[in-house]
Every structure is written in structure tokens, then in C-alpha cells.
Enquirer: 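Below is one structure. I have some questions about it.
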Amino acid sequence: MQVISTAKELRYINGKLNLSPVGLVPTMGALHEGHISLVEKALSLSPLVIVSIFVNPAQFNDKNDLKNYPRTPEDDLLLLGKVLRENDIVFTPEVKEIYPETDTRKFSFGNLDNVMEALHRPGHFNGVGQVVSRLFDIVKPDIAIFGQKDFQQLAVIKELVRQTGDKVKIIGSPIIRENDGLAMSSRNMLLEPEIRKNAPVIFKTLSAAAEMITGHDIPEIKTFVGKQINNVPGFDIEYFDIADDTELIPVSSRNEMQKGKRYFGCIAVRAGKIRLIDNIEIGLV
Ligand code: PAF
């Protein structure tokens with residue numbers, strides 16, 4: 001694999017290799033098996049895979065979160081070195097490569113701006129839109145792979161591409177979990193030991209909620225989920241919503257769930273000092 005840190009060089013090598021389709025896996029580093037599954041998906045589809053590692057300041061609405069975000073550059077390269085091929089590229093730009101000038105673009109993602117993560121992390125998706133469109137502009141991928149753990153982010157990126165008319169195909173890749181069910185996330189390494197021990201409660205509760213849909217309506221399920229999470233010391237639920245996977249409009253009753261649509265229970269939890277998100281498909285009854 002080749003490690004490249006400037007946009008100019010990346011464009012040059014990409015042009016010289018002239019391979020297609022080009023597969024992009026955008027990441028913020030602190031890589032784990034979840035990221036590697038995205039890379040493997042890209043490898044199965046593309047003769048040239050570009051993995052970007054860039055902690056994007058624009059998407060952090062909390063300065064401390066940006067400061068504390070895990071950074072493990074050496075380990076990241078070791079991990080990628082085990083899976084990437086000779087031609088594949090790791091793109092590790094500095095901030096000035098991505099944002100030579102301050103990016104003042106304001107995106108509007110419709111309903112996606114008014115639900116779940118968008119309500120709790122103001123400006124977050126605008127920053128995601130900025131960095132992803134910059135990466136698309138530099139890398140010119142034919143395919144880009146994103147994790148389904150970031151359920152709303154995936155919908156936002158699809159909407160971004162719909163709006164810009166970019167030809168890149170967006171592919172969502174399944175959540176990878178630890179053996180105890182906790183969804184893999186770079187932030188997991190920041191969990192305090194006691195909190196980490198109890199963190200599987202999130203997926204356990206989501207799984208129970210998915211089962212409950214057969215005999216209970218949504219308000220009851222939401223109450224159940226809230227109690228299960230908040231009963232664990234150090235855990236505090238921010239939201240749990242059941243929403244469709246395109247517009248992400250939360251439903252408040254089972255009657256609102258439409259045949260032919262897919263629904264997901266989406267959760268955000270404060271686990272000690274760390275914020276975790278997860279989701280599960282809720283089958284229609
Ligand atoms: O999901 C992430 O890691 C980031 O939000 C992304 C898509 C790499 C943009 O910075």
C-alpha cells in the first residue's frame with residue numbers, strides 16, 4: 001500500500017493508475033474490525049481502494065470531543081498493511097489539504113436535519129457533508145463504503161449525493177459487534193472499565209425492543225428501552241426512535257409503519273463520559 005498525504009499527489013497517482021472502479025473508505029482513524037470490514041467490502045469491489053484517515057474538525061460540535069477523539073496512526077497503518085494490496089492507497093491529509101480555505105458551505109438535508117443525531121449534535125452533519133464532498137472531489141471514487149452503525153450519516157450521505165448529482169455509488173456495510181454485542185466504535189477504547197463492562201446493555205435492549213414489536217406499541221417500547229438503559233449506573237439515554245431508513249421519520253405508533261419500508265430502532269446513549277450510538281432493524285408485524 002502507499003501512504004499519501006497531499007491531494008495533489010493523490011490525484012496524480014490515481015490518474016496514473018487509471019483503475020476502475022475506485023473504492024473509497026472514509027475513516028477518522030482509530031481503526032478496528034468494523035473499519036476493516038468496510039475495507040474488505042471495498043477490496044471485493046474495486047481494483048483500487050483508497051482509505052482516508054482524517055479527523056474532521058468540522059463535524060465536531062464539541063471541542064473536547066475533538067481533542068479527546070482517539071488517534072492511533074501507527075496502529076492504523078499496521079492494520080491496513082495486513083489487508084491492502086500493493087496499489088491501494090491510505091490517504092492521510094492534514095487539515096489544510098481538505099480545507100485550503102474555510103469551508104462555509106451550508107447543506108440542507110431536509111427531514112434528516114430535524115431528527116435524532118441532528119437534534120443532539122447541531123452542525124455535525126453539515127461538517128460530515130463538507131468533508132465527504134471534499135473527499136469525493138479529491139478521490140473521485142466510483143464507490144464509497146460507510147458503516148450502517150452511523151445510520152443517519154449513511155442517509156445524509158445518500159441525500160448529499162442525490163443533491164449534488166455525483167455518480168458515486170454509496171454502499172452501507174453491516175455493523176460489526178464485539179463478542180458481547182457492543183457495536184464496534186473507535187470511541188469504545190475511551191470507555192471506563194466499569195462502563196465498558198455494562199455497555200452490552202445497549203444492544204441487549206435494542207434486541208429486546210425488536211422482539212417487543214409483535215406485542216407492544218411504540219410508546220411502551222420506548223419506555224422499556226429508556227428504563228433498561230437508565231437503570232444502569234453511568235448510563236443515560238439521549239433518544240430511542242424507530243424510523244424508516246430513507247427519510248428517517250420517527251413513528252409514534254405501529255399503525256404508522258408502512259409495508260414495503262424498512263424500520264430501524266436507533267439509540268444514542270451517554271455511557272459515562274462517552275456518547276455511543278447503535279441501531280437494529282425492527283421487522284414489521
Ligand atoms: O464515520 C466517520 O468516521 C466519519 O463521520 C466520516 C464519514 C469518515 C467523515 O469524517
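All heavy atoms count here, side chains included; hydrogens, waters and symmetry mates do not. Whatever order the structure lists them in is the order used to number ligands and atoms, beginning at 1.
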Enquirer: Give every pair formed by an N or O atom of ligand 1 and a protein N or O atom closer than 3.5 Å, one pair per line with both atom names and the distance to 0.1 Å, or write none.
Expert:
unit_1	atom_1	unit_2	atom_2	d
ligand 1	1 (O)	Gln153	NE2	2.8
ligand 1	5 (O)	Gln59	NE2	2.9
ligand 1	5 (O)	Gln153	OE1	2.7
ligand 1	10 (O)	Gln59	OE1	2.6

Enquirer: Before accepting this row, confirm whether a basic side-chain N of the pair Asp65/Arg187 lies closer than 4.0 Å to the acidic partner's carboxylate O.
Expert: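 Yes, this pair counts.
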Enquirer: Just to verify, which of Phe264, Phe203, Tyr263 counts as forming a side chain to side chain contact (heavy atoms under 4.5 Å, CB included) with Ile280?
Expert: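 Exactly one candidate clears the test, Phe203.
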Enquirer: Is any side-chain N of the basic residue among Glu220 and Arg254 closer than 4.0 Å to the acidic one's carboxylate O?
Expert: no
Enquirer: For Asp62, is there an ion pair with Arg121 - N to carboxylate O distance below 4.0 angstrom?
Expert: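 Looking at Arg121 and Asp62, the cut-off is not met.
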Enquirer: Applying side-chain contact (heavy atoms from CB on, under 4.5 Å), can you list everything that pairs with Pro174, at least two apart in sequence or on another chain?
Expert: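 Pro174 satisfies side-chain contact (heavy atoms from CB on, under 4.5 Å) with Gln148 once adjacent residues are dropped.
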Enquirer: How long is the gap from CD1 on Ile89 to CD1 on Ile50, to the nearest 0.5 Å?
Expert: 4.5 Å
